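Letters A, B, ... mirror the listed sequences (proteins, then strands); counts begin at 1. All of these numbers come straight from a predicted model, not from anything done at the bench. What you see below is based on every heavy atom in this structure, not just the backbone, and it leaves out hydrogens, waters and symmetry mates.
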Number of protein chains: 2
Amino acid sequence: MSKMPTVKDVAEYAGVSVGTVSRVLSGEVAVKPLLREKVNGAISALGYRPNVTARALRTSRTDVIGLIVPDITNPFFAQLAASVERAALECGHSLMLASSHDDRGAERSHVSAFLDRSVRGIIVVASSDSSGLHLEAPVPIISLDRRFGTFPLVSTHHARAAGLIADHLYGLGHRRIAYIAGPPDTEAGRMRKGGFVNRINGFGKIGEPVELEIVDGKFDYESGERIARDLLLRPPQDRPTAIAAASDQQAIGALRAARDLKIDVPRKLSVTGFDDISLANLVVPRLTTIRQPADKLARRAVALLLEESSSTRDEMVDGSLIIRSSTGPCVRAKVNIAG
Amino acid sequence: MSKMPTVKDVAEYAGVSVGTVSRVLSGEVAVKPLLREKVNGAISALGYRPNVTARALRTSRTDVIGLIVPDITNPFFAQLAASVERAALECGHSLMLASSHDDRGAERSHVSAFLDRSVRGIIVVASSDSSGLHLEAPVPIISLDRRFGTFPLVSTHHARAAGLIADHLYGLGHRRIAYIAGPPDTEAGRMRKGGFVNRINGFGKIGEPVELEIVDGKFDYESGERIARDLLLRPPQDRPTAIAAASDQQAIGALRAARDLKIDVPRKLSVTGFDDISLANLVVPRLTTIRQPADKLARRAVALLLEESSSTRDEMVDGSLIIRSSTGPCVRAKVNIAG
DNA sequence: CTGAAAGCGCTTACAG
DNA sequence: CTGAAAGCGCTTACAG
């Protein structure tokens, strides 16, 4: 394979200057049709492809977007990453991916590495212990799903969405509810819990009171399974009739605990999640949850990043309640009577 | 924020030439300790960071590895991507990620995009319909898990691993077995099926014969669920006593089908998967499967890519059998007597 | 509208 | 061992 052709080769072939070649390439400046045609002819004759690196050096701008996620193995983040990649591609950009393993140090060093490569901008789904520190960066940085530093955040309106779950459970008659929260040091964890709790407490004022128990956990399967097991190991009359979890993974862990303890879902216990990962629709029973619009979130994050006026405003998009078969009417009263 | 310092600034500050700065940066050439010290002093005083783009333009070499996967949302590929990212990082490289959505066209265009960015090399987990086409590339390309074109492949020894499953099931007494295969147009699908079938047929020669039924499918949940349902909808005496699936996702789909039909696993039916995705250990019952050593696979792929002498040999690493509770002794005979 | 030329920030023969 | 200089492949004022 011979050397790749350069603008110079194209210019010679077309009988014009390299400046002209560059100008038809950019398409931004007017070039006489005749020359333009010659240049385009030369480009395809030679199979010319612009050297992205040289262009980047000259303009100190690339079309690469850096994405940092805590753990690509987490199904929701994987979905988010897939959506970001698609959104970036739609705008002619490529994606560099890094995993922080939920470690703040790794996160920071990935940011520097991206900056060294002069990416176009960085989207970060923050690690859970991400500080509020603001760092100066020569390119835009956007927080996605979880806030990074003080950078603008694109996320689901967690509180409002959690309220949807509260409504659903209350509407089904549940009055003894446990909430498995996310880590309190994550904004998402706090928002979801806050939204749920406020809504439930609101019912107490205008309707029947609800006994609400809250346990903080991590967002993963194990945490959900462990906490649910503790909750369900109690005598039936002390058990919650519904468990709302802050993530699908927790909820699926809870489902597993219920099954191990032979507690029928949804007959004896309702369980809800949050995220609508693809697995939510595959577990038994299928999980009632909140769908986070990953595509929309990703598209907004990319759009904000590419926007000229680096906006500094957060952006919230609404999640939607997906009712499946892990929730049902509360039958606790009957059980008590029978027992 | 002022402009980033360059080698020139460092050289001036240290009172040396830019060549010398570059030489201490590279560390490859001997530089007098005194000068080296001065330069290093200047570097930290100025907070100098080399411009990766300029370096790439000059050397036409970067430290970016391109990875193409069919679908990052697939848990096994996510695991693979995480491992590749880690392995790349260990070697001081960054990762660019692209999804082919199992589309050959997209795959090819991602390869070109990576080439345009003059990545150091490309690792591709091929789409299922990847052709045998060999393309000339100025950088090494390695196939991971599924072969891309004619490029060397790093993968689990699928056939041998599938044999492990066959041994396990046969040892448990199963003599009527169904195999849910992967797409026959994937090498992994064919190897796994081949390894399983050969092993089972071998038993027929030296021991009791096995009734083996094979159904081709895709690697996903839905495919497994659908095929298993068809298999299990038959009257009990015509049903297989064990279903071996070519992927965990298929197996989890099969588990779901069994549960819907109230067929007890593993009492009435054994189910096995392949991959050991994290979910395999969380479903009910926990899935017996083959662990693919994602870390090792990734590390080998990266090592091969970075190797000087572009090796052209395939590399197989052994998978291991993980026995959990979705498999058990065959009790078919008893069932028949009872019925 | 177009060409000639400078320069982005490095690395690396080439002399010495 | 070190410096001066060329050049990687582009883009973009600057003239005309």
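- Listed by chain and number, the residues in a side-chain contact (heavy atoms from CB on, under 4.5 Å) with Ser278(A) amount to none (sequence neighbours excluded).
- Applying the side-chain contact (heavy atoms from CB on, under 4.5 Å) test to Ser22(A) and every residue at least two apart in sequence or in another chain returns nothing.
- Reading DNA chain D from its 5' end, the first and the last nucleotide to sit under 4.0 Å from a heavy atom of chain B are dC1(D) to dG9(D).
- Remark: the separation of the C1' atoms in dG16(D) and dT12(D) is 16 Å, to the nearest Å.
- The closest side-chain heavy-atom distance from Thr6(A) to Asn51(A) is not below 4.5 Å.
- Nucleotides of DNA chain C nearest to Lys32(A) and Leu57(A) differ in position, and the one nearer the 5' end is that of Lys32(A).
- With no hydrogens or angles considered, a side-chain donor-acceptor pair links Gln292(B) and Thr156(B) at under 3.5 Å.
- Checking Val7(A) against Val18(B), the closest nucleotide of DNA chain D that is more toward the 5' end is the one next to Val18(B).
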Considering only distance and modelled atom types, tabulate donor-acceptor pairs under 3.5 Å from the side chains of residues 42-50 of chain B, sequence neighbours left out.
| from | atom 1 | to | atom 2 | distance (Å) |
| --- | --- | --- | --- | --- |
| Ser44(B) | OG | Asn40(B) | O | 3.2 |
| Ser44(B) | OG | Gly41(B) | O | 3.2 |
| Arg49(B) | NH2 | Asp116(A) | OD2 | 3.0 |

Next on the checklist: In dot-bracket form, 5' to 3', how is DNA chain D paired? Count Watson-Crick and G-U wobble pairs only if both distances fall under 3.5 Å, and write | where the partner sits on another strand.
Outcome noted: |||.||||||||.|||
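- Using a 4.0 Å heavy-atom distance criterion, Ser22(A) is classed as a base contact.
- Residues passing the salt bridge (Lys or Arg N to Asp or Glu O under 4.0 Å) test with Arg86(B) are Asp295(B), sequence neighbours excluded.
- Side chains of Ser109(A) and Ser112(A): a donor-acceptor N/O pair is absent below 3.5 angstrom, by distance only.
- Between Arg146(B) and Asp102(B) there is a salt bridge, with a side-chain nitrogen of the basic residue lying less than 4.0 Å from a carboxylate oxygen of the acidic one.
- Taking the P atom of each, dT11(C) and dA15(C) are spaced 22 Å apart, rounded to whole Å.
- Between Thr20(A) and Asn51(B), the residue whose closest nucleotide on DNA chain C is further toward the 5' end is Thr20(A).
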